[in-house]
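All of these numbers come straight from a predicted model, not from anything done at the bench. Protein chains get the first letters and strands the later ones, always in sequence-line order, with residue 1 at the start of each.
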Protein chains: 2
Amino acid sequence: MAAAKDKDVEKEILREATRLFAARGLEATSLQEVADAVGVKKQSLLYHYAGKDALHRAVLEALLSRWNETLPLLLRAAAREDRFDAILDETIGFFVEDPSRARLLLREALDRPDTMRALVAEFVSPWLAVLSDSIKKAQGLGTIRPDVDPESYIVMVIHLVLGNVATAGTVSSIAEKTRGSRVPDRIVREIKRMARTALMADATEGRRAAE
Amino acid sequence: MAAAKDKDVEKEILREATRLFAARGLEATSLQEVADAVGVKKQSLLYHYAGKDALHRAVLEALLSRWNETLPLLLRAAAREDRFDAILDETIGFFVEDPSRARLLLREALDRPDTMRALVAEFVSPWLAVLSDSIKKAQGLGTIRPDVDPESYIVMVIHLVLGNVATAGTVSSIAEKTRGSRVPDRIVREIKRMARTALMADATEGRRAAE
DNA sequence: CCTACCGATCGGTAGG
DNA sequence: CCTACCGATCGGTAGG
């Protein structure tokens with residue numbers, strides 16, 4: 001029975017550490033705070049995770065392994081006719097489902113650029129190559145604007161999603177009086193509209209219809 | 001002579017605090033580190049700034065007062081024919097000139113959402129209203145896409161600029177093997193292209209010319 | 001009385 | 001998982 005309870009505590013530590021690291025940052029969060037949030041002693045936390053670095057690594061690994069789980073969904077979405085909308089929906093959904101993910105990644109990029117670069121190379125590059133090729137092929141067919149720089153465009157969309165989700169209710173409080181940390185619908189709509197318009201060659205259809 | 005030297009030290013403290021708070025965050029930076037970077041004792045730093053909070057406030061005030069200085073430039077840019085390109089250029093320039101500005105604001109949004117909301121309300125809302133009205137008028141004239149949500153669109157552009165400048169060489173290392181903290185030219189170009197294409201009704205001209 | 005500091009140390013807390 | 005602790009460093013302040 002102790003083993004099952006240990007696992008529960010271990011997962012609870014990971015949950016609370018994720019939440020606190022995302023909310024305040026790694027260096028601004030003490031192990032004592034994490035232990036208090038779980039309801040155990042700091043020294044018990046150190047039994048499950050060797051130290052702060054180990055806990056930090058475990059938090060990032062949990063996030064990235066969840067991301068790898070959604071990759072099949074992304075690939076399935078990529079097979080659909082409206083593939084770019086579908087991929088964007090899946091990506092937005094992943095971060096909206098738990099905004100801590102966006103905050104953790106943005107903090108990692110700010111606090112430890114070199115670590116982040118390594119994570120990007122390992123977890124983003126694979127599907128970046130696929131997506132980028134797909135954009136280039138569509139440019140050849142004329143369905144995607146020829147002036148799009150595929151790699152840079154993907155960087156833009158990542159920043160739109162991460163930035164808006166991570167700072168939900170702060171920068172976006174310009175447009176919406178949302179108190180909580182949810183991303184307002186009109187912000188999500190504008191992310192999608194902007195991503196689509198800046199990409200698709202026939203994106204002016206909405207304008208023509210409105211005339 | 002002592003008075004002139006005091007001002008120098010005080011400005012140097014502000015410079016180094018800005019750099020360190022932007023690079024590591026407020027709570028992860030000790031007053032000792034700031035003092036060491038300046039080359040004075042921590043206690044001398046505490047003579048010039050009553051405490052860490054006072055230093056933090058001074059750093060934000062310096063940033064925001066510099067921003068207010070560039071507002072006339074923005075308004076002058078807004079009078080030009082190509083006003084949206086010009087305003088975007090001025091805004092990108094402000095943050096590229098000192099990437100610490102983007103990092104500080106992004107960290108403030110992550111670390112202290114309520115403080116950030118207040119800063120946004122005070123320093124962004126004024127020109128947001130002007131810009132937003134200008135977009136709505138242009139929508140009436142048909143020069144700007146009718147499906148643009150003006151306020152949300154401006155939030156998007158802010159996130160593109162802040163995110164790309166703050167994490168330069170990290171997320172954007174996908175597209176460019178830039179080691180330093182400079183924003184790669186192709187990233188800046190894609191920010192401008194995306195902002196323009198998603199806004200202007202005649203943004204497909206580039207495509208037509210390429211056909 | 002004030003300025004621009006210094007060496008030393010305050011009470012608490014950090015990660016381990 | 002807890003009790004009993006450590007070397008060090010935190011932001012801030014004492015007298016001079």
query = What is the distance from CG of A:Asp36 to C1' of C:dT13, rounded to the nearest Å?
reply = 13 Å
message = When the P atoms of D:dA8 and C:dG12 are compared, how many Å lie between them, rounded to an integer?
response = 22 Å
query = D:dC5, C:dC5, D:dC10: which one has an atom nearest the side-chain heavy atoms of B:Gln32?
reply = D:dC10
task = Report the distance from atom CD of B:Glu10 to atom C1' of C:dC5, rounded to the nearest whole Å.
result = 13 Å
note = Per the 3.5 Å Watson-Crick/G-U criterion and a run length of at least three, the stems involving DNA chain C are none
task = Take atom C1' in C:dG16 and the same atom in D:dA4, then report the distance between them in whole Å.
result = 13 Å
key: Separation of D:dA8 P from B:Glu33 CD (nearest whole Å)   = 17 Å
ask   = For the ring pair A:Trp67 and A:Phe123, is the centre-to-centre distance below 6.0 Å?
value = no
task = Give the rounded distance in Å between these two atoms: OH of B:Tyr49 and P of D:dG11.
result = 17 Å
request  = Would you state whether a donor and an acceptor, one from the side chain of B:Lys52 and one from the base of D:dG12, lie under 3.5 Å apart?
outcome  = no
task = Run through A:Asp147, A:Ile154, A:Val148 and flag the one making a side chain to side chain contact (heavy atoms under 4.5 Å, CB included) with B:Glu190.
result = A:Val148
note = Picking from C:dC5, D:dC10, D:dC5, the nucleotide nearest the side-chain atoms of B:Ser30 would be D:dC10
key: Separation of atom CG in B:Leu45 from atom P in D:dC10, rounded to whole Å   = 13 Å
Sugar-phosphate only, base, or nothing, as touched by A:Leu31 at under 4.0 Å among non-hydrogen atoms = sugar-phosphate
inquiry  = Could you check whether any side-chain N or O of A:Arg103 sits under 3.5 Å from a backbone N or O of B:Leu110, counting only pairs where one atom can act as donor and the other as acceptor?
reply    = no
task = Mind listing the closest non-hydrogen atom pair of A:Ile13 and A:Val34 along with its distance?
result = O-CG1, 4.1 Å
query = Nearest to the side chain of B:Ser44, which nucleotide is it out of C:dC6, D:dG11, D:dC5?
reply = C:dC6
key: For atom CD of A:Glu27 and atom C1' of C:dT13, their distance in whole Å   = 16 Å
inquiry  = Of the options D:dC1, C:dG15, D:dT3, whose atoms approach the side-chain atoms of A:Lys42 most closely?
reply    = C:dG15
ask   = Is there a donor-acceptor pair closer than 3.5 Å between any side-chain N or O of A:Thr91 and the backbone N or O of A:Ile87?
value = yes
key: A:Asp149 with B:Arg193: basic N within carboxylate O range, under 4.0 Å   = no
task = Using atom OH of B:Tyr47 as one end and atom C1' of D:dG12 as the other, report the distance to the nearest whole Å.
result = 17 Å
ask   = Is any NZ, NE, NH1 or NH2 atom of the basic residue among B:Glu27 and B:Lys52 found under 4.0 Å from an Asp or Glu carboxylate oxygen of the other?
value = no
ask   = Counting side-chain heavy atoms from CB outward, which of D:dT13, C:dG16, D:dC1 is closest to B:Leu46?
value = D:dT13
request  = Could you tell me whether A:Glu90 and A:Arg76 make a salt bridge, using a distance below 4.0 angstrom between a side-chain N and a carboxylate O?
outcome  = no
Interatomic distance where CG belongs to B:Leu20 and C1' belongs to D:dC10 [whole Å] = 16 Å
ask   = Should B:His48 be listed as having a side-chain N or O under 4.0 Å from OP1 or OP2 of C:dC5?
value = yes
